[in-house]
Amino acid sequence: MKTTPVLAKQSQSMTQIHRLAIVAIALLVMLPMLFYGVYDAHDLPAFHLRWAKQFSDQFWSGELYPRWLLNLNGGLGSPTFFFYSPVPYYFTSLLRPLVWMADPLGWHQLSFGALLGLAASGITAYLWLQCLVPARAAFIAAIFYVIAPYHLAVDLYVRFAYAEFWSFVWLPLILYFTHKLAQGQKKAAIGFTIAQALLIMTHLPTFLIFSPVPFLYLLWYGKQRVKIAIAFSIAFILAVGLAAIYWFPAMTTKDFIILKADPTQYEFYDYTTNFLFAETIRQNFQGVISFLGISSILTLVLAITTFFIANRLNSTRHSSLFWIAIAIWSCWMCLPQSNVVWQLIPPLQIIEVPWRFNTILTLATTALIGLAAATIQPTRLNRKHIFSASVVFVIGAGLAMLVLLPVRELIFNWTAANKVLLTIIVSACAIAAGFVLYWTRLVSSKLATISLLLTIVLLFSSSVVMKRSLYPILNLKSELEIQRDAVLHRPKWVPASLYTTDNLRKLIDEKFGSAVTIEAQDRVTASIWKPRFLTLQTSLETEQWLTLRQFYYPAWIAKTNSLSLPIQPSPEGLLQIKVPPGQHTIAVQLETLPQERIGIVLSFGAGGLLMAWFALFNRRIQKLLIAKRSGLHFKSSAS
């Protein structure tokens with residue numbers, strides 16, 4: 001009994017060391033991004049760099065939830081955050097005071113935000129995995145989660161899918177609270193509600209594909225299934241309600257923007273063109289998608305080998321069966337063979353790219369690595385171990401170079417058949433090498449060696465893909481000058497022909513210049529020009545329609561002396577106001593949409609219910625404590 005506090009203190013100390021190590025590893029793999037500067041990831045300069053800067057500017061100027069970004073599209077405005085998830089940008093904005101260097105583009109606060117997201121994902125993964133395996137095994141698996149190919153190389157360095165990248169933070173946290181709930185800790189439902197709401201407000205597609213997993217997890221691990229299922233259902237509904245401030249306007253105002261306006265964009269966002277190992281993927285994505293397809297199958301093979309390791313012990317068999325099923329399902333959903341499911345469940349199709357299921361595959365493989373690591377006892381290093389590790393690394397590095405052939409566009413025309421063939425070759429070579437090393441007594445476990453080889457293949461090839469993405473953007477200044485928003489966020493009143501960088505620049509330079517209106521420029525000035533609120537001073541001789549330097553959008557209103565003025569979209573989709581003659585002060589405001597109000601009411605209502613539920617939990621706990629103390633007092637008195 002005397003040693004128990006000592007052991008507990010040692011365990012707590014080791015946990016802190018593990019957490020610090022996870023943060024250090026996240027920092028290490030982020031160094032290229034932190035030091036390189038803005039690089040040509042697919043969505044980085046075009047979207048997230050400018051979104052983060054504008055969101056942060058408006059947030060720090062006092063706007064609690066920036067939805068209309070004033071300075072996008074050359075100052076014509078954009079409804080970006082009526083539709084895009086805000087949570088990652090809140091965290092990024094909060095980091096602005098910590099940026100000590102000059103940051104005119106907002107790059108440093110964005111890279112700090114990515115570092116925070118990567119480190120936090122490792123910490124939450126470690127927290128969850130400790131529910132399943134010892135701390136050492138949880139630490140090993142959490143490292144894989146941080147640097148897994150889809151998480152780091154694809155989502156951050158190649159695509160810069162910032163919202164999906166941040167969703168990796170919340171997935172393990174949701175499972176942590178789900179696990180606690182499954183063990184009968186009903187108070188964990190509060191944490192589940194908050195974590196789930198954060199996921200919804202971070203990346204809605206990930207929420208849609210992940211939502212069955214906690215439910216299945218609860219059924220698999222749960223004890224008091226009926227009572228726990230009720231608490232889980234309440235928590236799930238409250239989470240959806242909490243996030244309504246974002247998703248309700250986003251889902252109910254889609255008619256205000258042009259989805260799939262550009263034919264090339266339409267092709268990309270059609271889910272049938274985005275299955276892995278499909279022939280219809282656009283050519284400019286061919287190298288990365290080829291790597292993603294091969295790495296996805298290799299990740300599944302890694303999941304299978306670690307499953308066989310974990311399945312040998314009774315203590316890890318139950319969990320390993322669950323996670324191998326999730327891994328196989330998630331990988332299959334990325335392939336063309338799953339198209340029948342996508343057709344049967346139309347809501348899936350709004351996810352647009354089936355290979356998003358790699359988030360679930362990465363999570364499942366992480367769990368299996370942790371379960372496998374829990375069954376392997378560490379041994380002291382000797383010369384033989386160092387030599388065998390060197391051999392395994394060399395073989396793994398060689399196989400990684402094969403995986404990179406499609407990325408380098410070498411040797412073959414990389415059709416689906418050739419990619420399948422290469423995947424089979426790499427997998428077979430890794431398995432064969434594991435058997436050879438075992439038969440020559442260089443290693444003591446075939447499965448562990450194969451798993452290690454596959455891990456090296458994935459991580460080594462991912463690091464090369466990361467490096468391939470790091471090259472400068474030659475026209476960065478002109479790219480950011482107009483700051484045209486995504487095609488999907490174009491207000492439907494704006495012609496497609498106008499919504500190009502060159503045409504927006506021409507419109508602003510030729511028709512507006514430095515003025516805020518096209519007509520009567522010398523008789524109209526702006527005294528206030530803020531997001532969603534403008535004040536104009538006019539002095540007109542006759543009644544005129546004035547075309548303002550803002551895109552038209554529903555809920556724009558204009559008033560002078562409490563008199564509402566007529567508003568309409570111009571042929572270019574700009575905001576037009578009918579102004580009477582004489583001198584007037586005109587207040588122009590983008591009012592809160594009814595859909596926004598409903599979302600706010602739903603979120604505040606869900607928040608109130610959550611607080612009441614929390615208070616009810618606390619009251620029950622206090623009653624139990626009082627009853628327990630009374631029972632102890634009664635026993636001591638009787639004795």
Side-chain angles (χ1 to χ4, degrees), residues 11-12 15 18-19 22 120-142 144-145 167-200 206-207 209-236 238-239 303 306-307 310-311 313-327 329-330 359-375 613-614 617 621:
S11 176
Q12 187 177 8
T15 297
H18 286 162
R19 288 172 179 168
I22 289 169
S121 69
I123 298 299
T124 57
Y126 180 69
L127 178 68
W128 160 56
L129 291 164
Q130 281 186 295
C131 298
L132 303 177
V133 295
R136 175 183 57 83
F139 172 64
I140 293 170
F144 175 82
Y145 188 70
S167 71
F168 278 86
V169 177
W170 313 123
L171 305 184
L173 193 61
I174 291 168
L175 292 179
Y176 169 77
F177 288 115
T178 305
H179 191 91
K180 294 295 183 183
L181 195 57
Q183 299 305 306
Q185 300 181 30
K186 294 180 184 177
K187 197 173 181 179
I190 306 295
F192 173 88
T193 301
I194 296 171
Q196 187 82 298
L198 286 168
L199 176 61
I200 296 171
T206 300
F207 163 72
I209 64 177
F210 177 70
S211 54
V213 176
F215 176 73
L216 296 172
Y217 191 99
L218 195 70
L219 293 177
W220 191 260
Y221 288 95
K223 295 178 180 179
Q224 302 172 337
R225 286 195 172 97
V226 176
K227 291 182 179 180
I228 297 303
I230 293 172
F232 176 85
S233 301
I234 294 171
F236 190 90
L238 286 178
T306 51
F307 161 74
N311 199 49
L313 296 183
N314 291 331
S315 59
T316 53
R317 184 171 299 147
H318 184 257
S319 293
S320 64
L321 285 169
F322 176 81
W323 286 111
I324 192 59
I326 297 296
W329 163 73
S330 56
T359 55
I360 315 301
L361 176 60
T362 299
L363 186 73
T365 306
T366 298
L368 288 164
I369 289 173
L371 293 165
T375 67
W613 202 19
F614 181 73
F617 272 128
I621 292 170

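Heavy atoms only: backbone and side chains are in, while hydrogens, waters and symmetry mates are out.
How far CZ of Phe192 is from CZ of Phe236: 6.5 Å, rounded to the nearest 0.5 Å. One distance of note links CD of Gln183 with OG1 of Thr178; it measures 11.5 Å at 0.5 Å rounding. Expressed to the nearest 0.5 Å, how far CG of Leu181 lies from CD1 of Ile228 amounts to 5.0 Å. Note that the CD1 atom of Ile22 and the CG atom of Leu127 stand 10.0 Å from one another [nearest 0.5 Å]. Atoms OG and CG, on Ser167 and Leu198 in that order, are 12.0 Å from each other to the nearest 0.5 Å. For the atom pair CD1 of Ile174 and OG1 of Thr124, the computed distance is 10.0 Å after rounding to the nearest 0.5 Å.
Residues Ser320 and Leu368 come closest through the heavy atom pair O-CD2, 3.7 Å. The shortest non-hydrogen separation linking Ala138 to Val133 is N-CG2, 3.6 Å. In this structure, Ser330 and Ile360 approach most closely via the heavy-atom pair CB-CB, 3.8 Å. Nearest heavy-atom pair across Ala141 and Leu129 is CB-CD1, 3.5 Å. For Leu218 against Ala229, the heavy-atom pair with the smallest separation is CD2-CA, 4.3 Å. Considering all non-hydrogen atoms of both residues, Ser211 and Pro214 come closest at O-CD, 3.3 Å.
Residues Pro172 and Tyr126 have side chains not in contact (no heavy-atom distance under 4.5 Å, counting atoms from C-beta outward). By the 4.5 Å heavy-atom criterion applied to side chains, Leu175 and Val213 are counted as neighbours. Contact check for Thr365 versus Phe144: side-chain heavy atoms found under the 4.5 Å cut-off. With a 4.5 Å cut-off on side-chain heavy atoms, Lys187 and Phe614 count as touching. Inter-residue side-chain proximity for Thr359 and Phe168 is flagged as met; some heavy-atom pair is nearer than 4.5 Å. Between Ile123 and Val169, the closest side-chain pair of non-hydrogen atoms is not below 4.5 Å. The shortest side-chain heavy-atom distance between Thr15 and Gln130 falls under the 4.5 Å cut-off. Counting only heavy atoms from C-beta outward, the side chains of Leu321 and Asn311 approach each other to under 4.5 Å.
With Thr375 contributing its side chain and Ala372 its backbone, the two residues share a donor-acceptor pair below 3.5 Å.
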**Message:** Let's go through Thr206 and Leu171 carefully: what are the C-alpha distance in whole Å and the side-chain angles of both, what is the deciding distance for side-chain contact (heavy atoms from CB on, under 4.5 Å) to 0.1 Å, and is it a yes or a no?
**Reply:** CA-CA 9 Å; Thr206 300; Leu171 305 184; 4.0 Å; yes

**Request:** Determine, step by step, whether Phe210 and Leu363 satisfy the side-chain contact (heavy atoms from CB on, under 4.5 Å) criterion, reporting the C-alpha distance in whole Å, the side-chain angles of both residues, the deciding distance to 0.1 Å, and the verdict.
**Result:** CA-CA 10 Å; Phe210 177 70; Leu363 186 73; 3.7 Å; yes

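Side-chain polar atoms of His179 and Tyr221 form no donor-acceptor pair below 3.5 angstrom.
Taking the six-membered ring where the residue is Trp, Trp220 and Phe322 present tilted rings, their angle falling between 30° and 60°. Relative orientation of the Trp323 and Trp128 rings is perpendicular, given thresholds of 30° and 60° on the angle between their planes.
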